[in-house]
Amino acid sequence: MRSLARRCAHAALAVTAATLVVVVLAGIYLAQNVQVDTNLDELIDPDAPFRERQRELNAAFPDQDDRLVLVVSGGTLDARLAATAALADELGGRDDVVRAVFAPAVMPFFVDNGVLFDDVATIERRLDRLAEAQPLLAALARDPGPARLVELLADGFEQDEPPPELQRAAARLTPAFTAAAEGETHPIAWLELAELTPDAAATFVVEVTPVLDFERVLPGARALAAIRALADEIAASHPGVDVALTGEVALEAEELEAAGTGAAGAGLVALVLVTLVLVWSLRSAGAIASVLVTLIAGLILTGAFAMWAVGAFTMISIAFAVLFIGLGVDFAIHVVLRAQEEVRLDRRWRDAVAAGAGATAPALLLCAPTTALAFLAFTPTGYVGLAELGVIAAAGMIIALVLSLTLLPALLALTAAPRRLPPVPWPHGRPRLRLAAAAVVVVAGLASLAGIGSLRFEGDPLALKDPDAPSVSAFERLLADPDRSPYHAALLVADADAAAAEAERLAAVPAIGEIVHRASFVPTAQAQKLALIDDARLFLDLPAYTPPGAADAARLDRALARLAAAAPAGALADAARTIARRLDRAPELTA
């Protein structure tokens, strides 16, 4: 290689032309064959045992694979339920972007029978609250106008000891009264008002199996765009409601988008920084241009090799570009600096280039293969993306070596000799400075040992993602609710009996929070629960619902005056007086 490097410098024009022809052909091949495999499942060895089990599970339950989760939160409980129902209905009709929709909160089966899935104690508490609210519900069912609601509140506060349930209902109604006093509207959540739900702040989820197109760089882009637009539209039509997207598809889409943008940005930043270093260190436009052309040629040749060897880039292997720029430029810098040293010995520029390339060749022949071997150490892993990165990066090091000893000397020989050389590095010829520099490095290395004890392995894959990404925020919102945690393990068995047996065995494991299998969808203690519900029918006996008509302004005005006088001083009383004054000015107001 020493002799080859010298000859390339002396046959500069022919070597440059021949190499550029090869680079152009490689660029054409790369442009015609470049592919990016965005299926993140392909980054792991398909023959790994857990991958085989995953395929079996996906075959048995195809709708459980590649899911998108819409998290409905904010607003009132009634608004969230209405938004969830609208999402499920609209998405169910979008066969072009959705294969399946599962929204348990609004499914008829769970709406009609969901109470049976609560335990007996929970049902009893809810029925007790329903019994307390029965007078209010019955009165409003017979006379659902706003005047009757205000009269009921006034009646309660005019008692010597207003019941606690009235005070809680008044607290929930106060924001609506305050908004009305300001000429605005505020929805009333009747289920929350009657305290008929165990958790009024609960979020709801809609699980969607979107249509994916792996021929695209972002397979779920089309489905995500359509679903996100629909979610935003429905959220806007339900005050206070927020619909966030998460799940495998959303998380992977944002990760792929960030990885693609990050890889391109990182490559550009690396090239810019390398150029700045070259400008500062080489002080020669010809040398800088020669190094950059060599780097770009190496990137093209390495990319063409990657398409020939592995067939497609992945979100990991595409990082070879940054590695190539950072490491490949080292070889070129050694050649250029050694050539500049030869110029200091009064050699002509072309002879200096030939001598510098020849003198540097043995060192580079030692460095490049060892670096390539380090990258090849990635290949035994079952993480295919990392193994492919190792192969591509190793080939890149060999390509960088060859170009640094062939194309680079030829390009340098074709440029003009540098008019001025960079100064000799300051430690050169100064033993004390070299010793001081070595001491600083040793001390810094020893000091860094103090932090080894705080090192830890982060096993949560969520930590690899952008914490500010919308899908990650929604995912963490689900994690905050132990009953909705997305983390779970699946066990595939032969039949329902085997599932029940495994569930019974796993129930004794303290680390397992909840077990769900087919029998879980059959409520237990149904006879006892149905008896409680039958008893509730006796004391409820609500009249048929009558739609409200126009408000009686005079009646409503009297009720508001009573409420303002009876209610404790505060927002509710103030709002009642303000609304009454507005009615006096505009008695034609209706409900």
Side-chain angles (χ1 to χ4, degrees), residues 1-9 12 15-16 18-27 29-30 263 266-275 277-278 281-282 287-310 313 317-339 353-354 356-379 388-413 415:
M1 291 296 289
R2 178 180 297 184
S3 176
L4 175 63
R6 289 173 177 171
R7 291 177 180 177
C8 289
V15 171
T16 300
T19 305
L20 292 182
V21 168
V22 173
V23 171
V24 169
L25 293 176
Y29 174 82
L30 176 61
L268 181 60
V269 169
L271 194 59
V272 170
L273 293 178
V274 162
T275 302
V277 171
L278 294 176
S281 61
L282 301 183
I288 294 169
S290 299
V291 172
L292 293 178
V293 170
T294 302
L295 280 179
I296 294 171
L299 282 173
I300 294 173
L301 291 173
T302 306
F305 168 82
M307 293 303 96
W308 173 78
V310 301
F313 290 120
S317 63
I318 203 170
F320 88 92
V322 178
L323 296 176
F324 183 91
I325 293 172
L327 295 173
V329 75
D330 290 346
F331 302 157
I333 289 174
H334 283 299
V335 173
V336 176
L337 291 180
R338 184 54 187 268
V353 170
T360 311
L364 298 187
L365 281 171
L366 181 62
C367 294
T370 54
T371 305
L373 287 173
F375 283 122
L376 288 175
F378 295 166
T379 56
E388 291 180 353
L389 173 62
V391 171
I392 297 170
M397 293 302 96
I398 302 304
I399 291 171
L401 169 67
V402 173
L403 291 178
S404 296
L405 297 178
T406 56
L407 178 61
L408 179 59
L411 290 173
L412 289 172
T415 62

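Just so it is clear, the model here is predicted, and its values are computed rather than measured.
Contacts of Ile300 classified as side-chain contact (heavy atoms from CB on, under 4.5 Å), with partners at least two apart in sequence or in another chain: Val23, Ala26, Ile296. Qualifying ring pair (Phe, Tyr, Trp, His ring centres under 6.0 Å) partners for Phe324, counting only residues two or more places apart in sequence or in other chains: none. The side-chain contact (heavy atoms from CB on, under 4.5 Å) check on Thr415 picks up Ser290, Trp349, with sequence neighbours excluded. Listed by chain and residue number, Val269, Leu276 satisfy the side-chain contact (heavy atoms from CB on, under 4.5 Å) test with Leu273 (two or more places apart in sequence, or in another chain).
Nearest heavy-atom pair across Trp308 and Tyr29 is CA-OH, 3.6 Å. The shortest non-hydrogen separation linking Val353 to Pro409 is CG1-O, 3.4 Å. The two residues Thr406 and Val402 make their nearest non-hydrogen contact at OG1-O, 2.6 Å. Closest heavy-atom contact between Ala287 and Val336: CB-CG1, 3.9 Å.
The CG atom of Leu403 sits 9.5 Å away from the CG atom of Leu411 when rounded to the nearest 0.5 Å. Taking OG1 of Thr360 as the reference point, atom NE2 of His334 lies at 8.0 Å (rounded to 0.5 Å). If you take CG on Leu271 and CG on Leu299, they are separated by 8.0 Å, rounding to the nearest 0.5 Å. With rounding to the nearest 0.5 angstrom, the CG atom of Leu295 is 8.0 Å from the OG atom of Ser404.
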**Request:** Would you please test Val291 and Leu408 for side chain to side chain contact (heavy atoms under 4.5 Å, CB included) and show each step?
**Result:** CA-CA 7 Å; Val291 172; Leu408 179 59; 4.2 Å; yes

Taking only distance into account, with no hydrogens and no angle test, what donor-acceptor pairs under 3.5 Å do side-chain atoms of residues 364-377 form with protein atoms, sequence neighbours excluded?
{"unit_1": "Thr370", "atom_1": "OG1", "unit_2": "Leu366", "atom_2": "O", "d": "3.1"}
{"unit_1": "Thr370", "atom_1": "OG1", "unit_2": "Cys367", "atom_2": "O", "d": "2.7"}
{"unit_1": "Thr371", "atom_1": "OG1", "unit_2": "Cys367", "atom_2": "O", "d": "2.9"}

In a table with atom names and distances, give each donor-acceptor pair under 3.5 Å that connects a side chain of residues 388-401 to protein atoms at least two apart or in another chain.
none

